[in-house]
Amino acid sequence: MMLEAANRASRAVNADFAKAIVCFRDELSDEIRQQLKTPTTTVQSDLAPVSIFWYGDLTFAEGARQRLKELVDLGALPVTHGWSHAYVDDVAYQQVVAPMSQDEKSSLWAVSVETGLAIAQAMLAGVDEGLGVGLHSFNPATANEVLKVPDPWVPMWVLFAGYPAEDPSGGGQRPRRPLGDNFFRAQYGTPWTEMPEGDGPPGTGGHDPGADGPRPPVA
């Protein structure tokens, strides 16, 4: 279910950015398990029955032209928005996809963002199934050798998954800053206003502008 959720994640040019190697704890030798541990994941590696090593594939542009044309034919990229096979060739691929894939910084940015979307969906699917999940860093050099990872794959995170041994609130909730610290309305400097859950339209601070005035008749 988690991999299926990741596979259905939104992705640019319908490319397979996200790659994963799933390791079952009890199928690994003690030697390999020790090799894959880092100073901050020793306990997690012992407790979690499943470890998913996530990577991003830098070869995302290969086949992009054909995939985009397929989306045009399916109507996912509509002609009403200017899409056509010629637009794919002359604009989308030639002016956007190809240059991005050839620029190291832009390519790494795209792969990181797109793979992150897939990882997030996998985590949500795991939680929805009642699993405990957690992301951690790992040693790329060791993992690449042990897991036989192809060169174009960029290391992202290892995702530990298993059934929680206690109530989710047992470990406490991570504090988060108010929305207004990081999110803004219309322009930077105008903090997004939080509102009570289920109260009023987004961004109104919980106040429904029509709540105190007359309402139109309902036919």
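Position 1 is the first residue of the sequence; numbering continues from there.
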Euclidean distance, F24 CZ relative to I52 CD1, rounded to 0.5 Å
8.0 Å

Please output the side-chain donor-acceptor pairs of residues 88-95 that fall under 3.5 Å, not counting sequence neighbours, one pair per line with the distance.
unit_1, atom_1, unit_2, atom_2, d
D89, OD1, R65, NH1, 3.1
D89, OD1, K69, NZ, 3.1
D89, OD2, K69, NZ, 3.1
Q95, NE2, D90, O, 3.2

Measuring from atom OG1 of T42 to atom CD of Q34, what distance do you get when rounded to the nearest 0.5 angstrom?
9.0 Å

May I ask you to check whether over 12 heavy atoms, not counting those of Q102, lie within 6.0 Å of atom CD?
yes

Return the OG to NZ distance between S51 and K37, rounded to the nearest 0.5 Å.
10.5 Å

Would you give the length of the straight line joining atom CZ of R185 to atom OG1 of T193, rounded to the nearest 0.5 angstrom?
7.5 Å

side-chain contact (heavy atoms from CB on, under 4.5 Å) between N14 and L68, worked out:
CA-CA 7 Å; N14 205 25; L68 287 173; over 6 Å; no

With sequence neighbours excluded, residues passing side-chain hydrogen bond (donor to acceptor under 3.5 Å, both in side chains) with N182
none

For S107, check side-chain hydrogen bond (donor to acceptor under 3.5 Å, both in side chains) against everything at least two apart and list the hits.
none

Does any N or O in the side chain of S106 come within less than 3.5 Å of the main-chain N or O of D103, such that one atom is a donor and the other an acceptor?
no

Nearest-0.5 Å distance that lies between atom CG in L36 and atom CG in L28
6.5 Å

Closest heavy-atom pair and its distance - A12, F17:
O-CE1, 3.3 Å

Value for CE (M2) from CD (E129), rounded to nearest 0.5 Å, stands at 10.0 Å

Are the side chain of R25 and the backbone of V50 linked by a donor-acceptor contact shorter than 3.5 Å?
no

Can any side-chain N or O of T41 pair as donor or acceptor with the backbone N or O of Q44 at less than 3.5 Å?
no

Cluster membership besides M1, Ile/Leu/Val/Met/Phe/Trp/Tyr side chains within less than 4.5 angstrom, sorted by chain and number, is none

State, to 0.1 Å, how close V133 and G126 come at their nearest heavy-atom pair, and which atoms those are.
CG1-CA, 4.5 Å

Not counting sequence neighbours, list each pair that qualifies as a ring-ring contact (aromatic ring centres under 6.0 Å, His included) and has a residue in residues 108-130.
none

Side-chain donor/acceptor pairs under 3.5 Å, residues 144-165, sequence neighbours excluded:
unit_1, atom_1, unit_2, atom_2, d
N144, OD1, Y55, OH, 3.1
N144, ND2, P140, O, 3.4

Do V22 and M123 sit in the same hydrophobic cluster, where Ile, Leu, Val, Met, Phe, Trp and Tyr count as joined when their side-chain heavy atoms come under 4.5 Å apart?
yes

Residues clustered with Y188, ILVMFWY side-chain links under 4.5 angstrom:
F184

Search all heavy atoms of A98 against all heavy atoms of S101 and return the closest pair with its distance.
O-OG, 2.8 Å

When you group the ILVMFWY residues by side-chain heavy-atom contacts below 4.5 Å and let the links chain together, are V97 and L77 in the same group?
yes

Please identify each residue that fulfils salt bridge (charged side-chain N to carboxylate O under 4.0 Å, His left out) with E4, with sequence neighbours left out.
R8

Using the rule that two of Ile, Leu, Val, Met, Phe, Trp, Tyr join whenever any of their side-chain heavy atoms come within less than 4.5 Å, decide whether F138 and I21 are in one cluster.
yes

Is it the case that one hydrophobic cluster holds both M100 and L108, taking links as side-chain heavy atoms less than 4.5 Å apart, direct or via other members?
yes

Report the C-alpha separation of W83 and V79 in whole Å, then their side-chain angles, then the decisive distance to 0.1 Å, and conclude whether the side-chain contact (heavy atoms from CB on, under 4.5 Å) test is met.
CA-CA 5 Å; W83 286 94; V79 295; 5.7 Å; no

Under the salt bridge (charged side-chain N to carboxylate O under 4.0 Å, His left out) test, which residues partner R11, sequence neighbours left out?
D16

Which residues satisfy the side-chain hydrogen bond (donor to acceptor under 3.5 Å, both in side chains) test with T59, sequence neighbours excluded?
D57

Near E62 CD, under 6.0 Å, is it more than 12 heavy atoms from other residues, nucleotides or ligands?
no

Tell me, please, which residues at least two apart from R33 pass salt bridge (charged side-chain N to carboxylate O under 4.0 Å, His left out).
D30, D46

Looking at every non-hydrogen atom in both residues, tell me the closest pair between H136 and T40 and how far apart they are.
ND1-O, 4.4 Å

Donor-acceptor check, side chain of Q121 to backbone of A6, threshold 3.5 angstrom: yes or no?
no

Between S84 and V72, which heavy-atom pair has the shortest distance, and what is it?
CA-CG1, 4.0 Å

Report the hydrophobic cluster partners of L47, with the cluster defined as I, L, V, M, F, W, Y residues connected by side-chain heavy atoms closer than 4.5 angstrom, directly or transitively.
V43

Grouping I, L, V, M, F, W and Y whenever their side-chain heavy atoms are under 4.5 Å apart, do I119 and L3 come out in a common cluster?
yes

